[in-house]
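Written below as structure tokens is the structure these notes are about.
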Amino acid sequence: MVPLRRISDALVVVVQCVFLLACHGSVSIEEIRALHARGDFASSIEPLRELLEEAPDAPEPNYLYGIALTRSGSPERAIWALRKAAADDRWARSAKVELARASLAAREWESAIRVADELLGQDPDDVDARLLRASAFIESKTRFGDALEDLDFVLSREPANLDGLVDRISVLIALGRIEEAARSLEDLEATETDSRGGAALVAQVCTVRAMFSAERGLVEEATSRFRECRKRHPDSRRLLEAFVAHLDSRGRVDEANRELLATLERDPDDSLLRILLVRRFLSMGRFEDSEAILVQGTERSDPAVASDAWAAFADHHVALGDLSAAAAAYERSLGPREEVSSFQLLALGDLLARAGHDDRALEVAKGIDNDAYRGLIEARVHLNRDDPGAALARLDSVLPVWPNNPGARYWAARAAEQLHRFDRAVEEYRQSVRSDPTFTDAALRLARIEAAEGKGEAAWSAVSRYASEKPNDPRAAEIMMDIASTFGPEQRLRDLAKALSIRPIWPAAIAERARVLGRTNPRQAADFIRTGSGLDLTKPASAPALHALIDLCQVADCASESVELTLSASEAHPGDADLLAAAASALLSVGRLGEARELVDRAVAIDAGNARAHLIRGRCAADEGRDGEALSEYSATRRLDAELVAAYEEPARRLEASGRIREALALWVALTRERPEHARAAYEIARLSLAEEATGVNAHETLREALDWVRRSERFGGGEEAVELKRSILAELQAGQREPRAALEAVESSSKRNL
């Protein structure tokens, strides 16, 4: 039975809301201020929106509208209004403080830092700005030293500032200064935080106590503290995230997911939490779970929540490789919105361009007033149309006005790669990572380039920041394992193995470790997977390691053993597409083509989005002499996993063998766009360019282009083969000969070692 007092309160709110919705046209700004004064922000949203329809640039209504949206749980919608209010000198300071808070609530850390920097540029002693900037540093998990500097300044002016005291302990723990954190925690516990601070602050204190126990190695005590905190403060986002991070670090990922799902069940309109869960599931390859919670979101009655879910569906489709569906989902998310911002149009145009819908992307770009936003979309279209020079030139007009945009930096790097300007590409990737290490895969691409150039420490630094934010991304695990195995030191490799062994990405890391070992000793590498990895190779989660084992066994004389193992695994899990594809691959390696075809067809029927299954089906078709089907399957593989090298190499070699040089060349070029550091691809492009244009009239130009490619191969470890080809091309150029056939013939007999 609901208490009478609760019923009365509910009726008051309902009546008040009905009144305001019916009469908000006559609500004055004074009445809206009164609503805010008593904490009734939600009721002010509709009348404020009507006021802004009459005067869209009025600073105070924009300011109040931004506050109302932030306090009502829609901080991302508040940002636009607060920026308008901040343009007025009389409201600039107040609006910027609220803008920084809204940016923090919307998890736009860089935006919060940028706004705080603006405030501090006007007043370096602004305590609110210092606290907000420190919070952004902490929440983004970067620049903890800078956060500590800001907090020390705050506490020097306000020694009893509880927010500053609590945040400072969190920073000390993050910096590993445990003893200092212990002393600060003792001082904090001596204060009466329950009476001096609000509920949010009490939750923060509870959180840092649990974090401190974890840092001291008292795992069970920390877990118990976290659980008790969660009972007392179920609505604290910072507490929830700290608890999830604690569980993740102990390998208790499923438990962390259950905690997040239970929280979302209590508040199904929490869009930020829904998006966080979606991203976790996507990083783990749990697409069915991701889709399920997104569908629930799209069915919510609140249009804003449904809109957020459709926008997150775009990420879901991107992860599945269906960019057209992603663009459609994002466009659908814009339908219920009160206003569509230029930034949202930019996101839509970007998705359309990524999906190859160039004309539609340019149409969206025309509707954007901001030239920088238009430039980003136009640059993407230039890249789609194989004009990296035009793309880079357009981005060069964007970067001066938007230097911290991680996407602009990323695509400038991609364009520079295609122009063989790798120094520029590396610098652009670094800038992108500095702006936001996880906005794109810039950190991963940078790490691969640095590693290919022999710069192990730089590569490790690049990928580590990415992995700290996305600990369950298998690509990061693979790159880190490759770097640690190749460059050392041994302690780093041991520490990495310990950290990854409790995560779901461990099989991917094992596969990469085995590939590195296989460069010198394939048999040892195969034995490592089978007996030294600790994996149960019959379980679906071990599929990445199984595929690596099959490849190794083809050269390590253990193919029959891989067949027995994969068949046992697939029979134990007949509905798992990954294991069926692995069994098909093993059968194909020993010539059992018919059985392989049957199993891989079953795998594709179960999961049409399984890239590895399409790759195996392409191999089957090629072995059966069905070249058209084989090429189609290889193409499907590339659409599903653009970085799967075999999906380029294998059809390229088959095309060359059948005399289709131009098509083979195009595939090698496509591979370099996804893996620019691939030395073998660069070498093959140089070699095939000479073969294709051996009797052409532009022989001198062809030699120059081939020289660029072979130098690129050499840069990334192409070895003697690349050096020999470069020497031959230079000789041709120096001799002034127009016929490059001699250069080609000079290297045709050279051994084609694996680069």
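- Partners of Arg279 under the side-chain contact (heavy atoms from CB on, under 4.5 Å) rule, at least two apart in sequence or in another chain, are Ile275, Asp315.
- Side-chain contact between Val401 and Asp371 is absent, with no heavy-atom pair separated by less than 4.5 Å.
- Every residue was checked against the ring pair (Phe, Tyr, Trp, His ring centres under 6.0 Å) condition with Phe528, not counting sequence neighbours, and none meets it.
- A salt bridge links Asp423 with Arg715: the distance from a Lys NZ or Arg NE/NH1/NH2 to an Asp or Glu carboxylate oxygen falls below 4.0 Å.
- Residues passing the salt bridge (charged side-chain N to carboxylate O under 4.0 Å, His left out) test with Asp473 are Arg475, sequence neighbours excluded.
- Side-chain contact between Glu450 and Arg430 is present, with heavy atoms from C-beta onward closer than 4.5 Å.
- Side-chain contact between Ser635 and Leu631 is absent, with no heavy atoms from C-beta onward closer than 4.5 Å.
- Relative orientation of the Phe313 and His316 rings is perpendicular, given thresholds of 30° and 60° on the angle between their planes.
- Partners of His547 under the ring pair (Phe, Tyr, Trp, His ring centres under 6.0 Å) rule, at least two apart in sequence or in another chain, do not exist in this structure.
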Please output the side-chain donor-acceptor pairs of residues 664-672 that fall under 3.5 Å, not counting sequence neighbours, one pair per line with the distance.
from, atom 1, to, atom 2, distance (Å)
Thr672, OG1, Val669, O, 2.6

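- A donor-acceptor contact closer than 3.5 angstrom links the side chains of Tyr410 and Asp441.
- A donor-acceptor pair under 3.5 Å is absent between the side-chain atoms of Ser461 and the main chain of Ala458, judged by distance alone.
- The ring pair (Phe, Tyr, Trp, His ring centres under 6.0 Å) test applied to Trp709 returns His420, not counting sequence neighbours.
- The salt bridge (Lys or Arg N to Asp or Glu O under 4.0 Å) with Glu428 is formed by just one residue from the set Arg421, Arg445, Arg434, Arg409; it is Arg409.
- Scanning both residues, Ala379 and Leu395, for their nearest heavy atoms gives CB-CG, 3.6 Å.
- Partners of Leu345 under the side-chain contact (heavy atoms from CB on, under 4.5 Å) rule, at least two apart in sequence or in another chain, are Val340, Val364, Ile368.
- By the salt bridge (charged side-chain N to carboxylate O under 4.0 Å, His left out) test, Asp601 pairs with Arg597, Arg617, sequence neighbours left out.
- Ile616 and Ala581 get closest at one heavy-atom pair: CG1-O, 3.9 Å.
- A salt bridge does not link Asp627 to Arg660: none of the charged nitrogens lies less than 4.0 Å from a carboxylate oxygen.
- Residues Leu593 and Leu588 form a side-chain contact, since some pair of their non-hydrogen atoms from C-beta on lies under 4.5 Å apart.
- For an aromatic pair to be called close, the ring centres must be under 6.0 Å apart, and Phe716 with Tyr683 fails this.
- Heavy-atom minimum distance, Ile449 versus Tyr429: CD1-CE1, 4.0 Å.
- Every residue two or more places apart in sequence or in another chain that forms a side-chain contact (heavy atoms from CB on, under 4.5 Å) with Ala611 is listed here: Thr637, Leu640, Asp641.
- Checked by atom type and distance alone, the side chain of Ser562 never pairs as donor or acceptor with a backbone atom of Ile550 at under 3.5 Å.
- When atom types are taken as modelled, the side chain of Tyr648 and the backbone of Ala642 share a donor-acceptor pair closer than 3.5 angstrom.
- When all heavy atoms of Trp506 and Ala497 are compared, the closest pair comes out as CZ3-O, 3.6 Å.
- Between Ser689 atom OG and Arg662 atom CZ the span is 10.0 Å, to the nearest 0.5 Å.
- Formation of a donor-acceptor pair under 3.5 Å by the Ser464 side chain with backbone atoms of Trp460 is found in this model.
- Side-chain contact between Arg638 and Pro651 is present, with heavy atoms from C-beta onward closer than 4.5 Å.
- Note on Asp359 versus Arg385: salt bridge recorded, some NZ/NE/NH1/NH2 to OD/OE distance being below 4.0 Å.
- Of the charged side-chain nitrogens involved, none lies within less than 4.0 Å of a carboxylate oxygen, so that Arg653 and Glu656 do not count as a salt-bridged pair.
- Under the 4.0 Å criterion applied to side-chain N and carboxylate O atoms, Arg680 and Glu684 are assigned as salt-bridge partners.
- Between Glu724 and Arg727 no salt bridge is recorded (no basic side-chain N to carboxylate O distance below 4.0 Å).
- Between Arg354 and Asp322 there is no salt bridge, since none of the side-chain N atoms of the basic residue sits less than 4.0 Å from a carboxylate O of the acidic one.
- Side-chain atoms of His357 never come within 3.5 Å of backbone atoms of Arg360 as a donor-acceptor pair (strictly under, hydrogens ignored).
- Using modelled atom types, one side-chain atom of His614 and one backbone atom of Ala608 make a donor-acceptor pair closer than 3.5 Å.
- Of all the heavy atoms in Ala706 and Ala686, the pair that sits closest is O-CB, 3.5 Å.
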**Request:** Determine, step by step, whether Leu703 and Leu690 satisfy the side chain to side chain contact (heavy atoms under 4.5 Å, CB included) criterion, reporting the C-alpha distance in whole Å, the side-chain angles of both residues, the deciding distance to 0.1 Å, and the verdict.
**Result:** CA-CA 7 Å; Leu703 282 168; Leu690 294 172; 3.7 Å; yes
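- Under the 3.5 Å distance criterion, the side-chain polar atoms of Arg523 are matched with a main-chain donor or acceptor of Ala556.
- The heavy-atom pair separating Ala541 from Pro544 by the smallest distance is O-CD, 3.5 Å.
- Counting heavy atoms from C-beta outward, Val278 and Leu282 have side chains that approach closer than 4.5 Å.
- Ion pairing between Glu457 and Arg492 holds under the 4.0 Å rule for side-chain N and carboxylate O.
- In this structure, Val600 and Arg619 have side chains that are not in contact, with every pair of non-hydrogen atoms separated by 4.5 Å or more.
- Under the ring pair (Phe, Tyr, Trp, His ring centres under 6.0 Å) criterion, His382 pairs with no residue, sequence neighbours left out.
- Side-chain atoms of Thr486 come within 3.5 Å of backbone atoms of Asp482 as a donor-acceptor pair (strictly under, hydrogens ignored).
- Glu378 meets the side-chain contact (heavy atoms from CB on, under 4.5 Å) test with Leu362, Arg374, Arg394; sequence neighbours excluded.
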**Asked** Would Asp623 and Arg654 count as a salt bridge (charged side-chain N to carboxylate O under 4.0 Å, His left out) if you check the C-alpha gap in whole Å, the side-chain angles of each, and the deciding distance to 0.1 Å?
**Response** CA-CA 11 Å; Asp623 286 358; Arg654 291 183 181 277; 3.5 Å; yes
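- Taking a cutoff of 4.0 Å between a charged side-chain nitrogen and a carboxylate oxygen, Arg675 and Glu677 qualify as a salt bridge.
- The salt bridge (charged side-chain N to carboxylate O under 4.0 Å, His left out) search around Arg639 returns none, not counting sequence neighbours.
- Looking only at side-chain heavy atoms (C-beta outward), Leu644 and Arg612 come within less than 4.5 Å of each other.
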**Item:** Residues Glu721, Arg687; criterion salt bridge (charged side-chain N to carboxylate O under 4.0 Å, His left out); working and verdict
**Value:** CA-CA 11 Å; Glu721 190 173 37; Arg687 185 180 65 82; over 6 Å; no
**Item:** Intermediate values then yes/no, salt bridge (charged side-chain N to carboxylate O under 4.0 Å, His left out), Asp386 and Arg673
**Value:** CA-CA 11 Å; Asp386 295 327; Arg673 288 179 183 165; 2.9 Å; yes
**Request:** Please report the C-alpha distance between Arg424 and Glu427 in whole Å, then the side-chain angles of each, then the deciding distance to 0.1 Å, and finally whether the salt bridge (charged side-chain N to carboxylate O under 4.0 Å, His left out) criterion is met.
**Result:** CA-CA 5 Å; Arg424 168 78 186 267; Glu427 185 54 36; over 6 Å; no
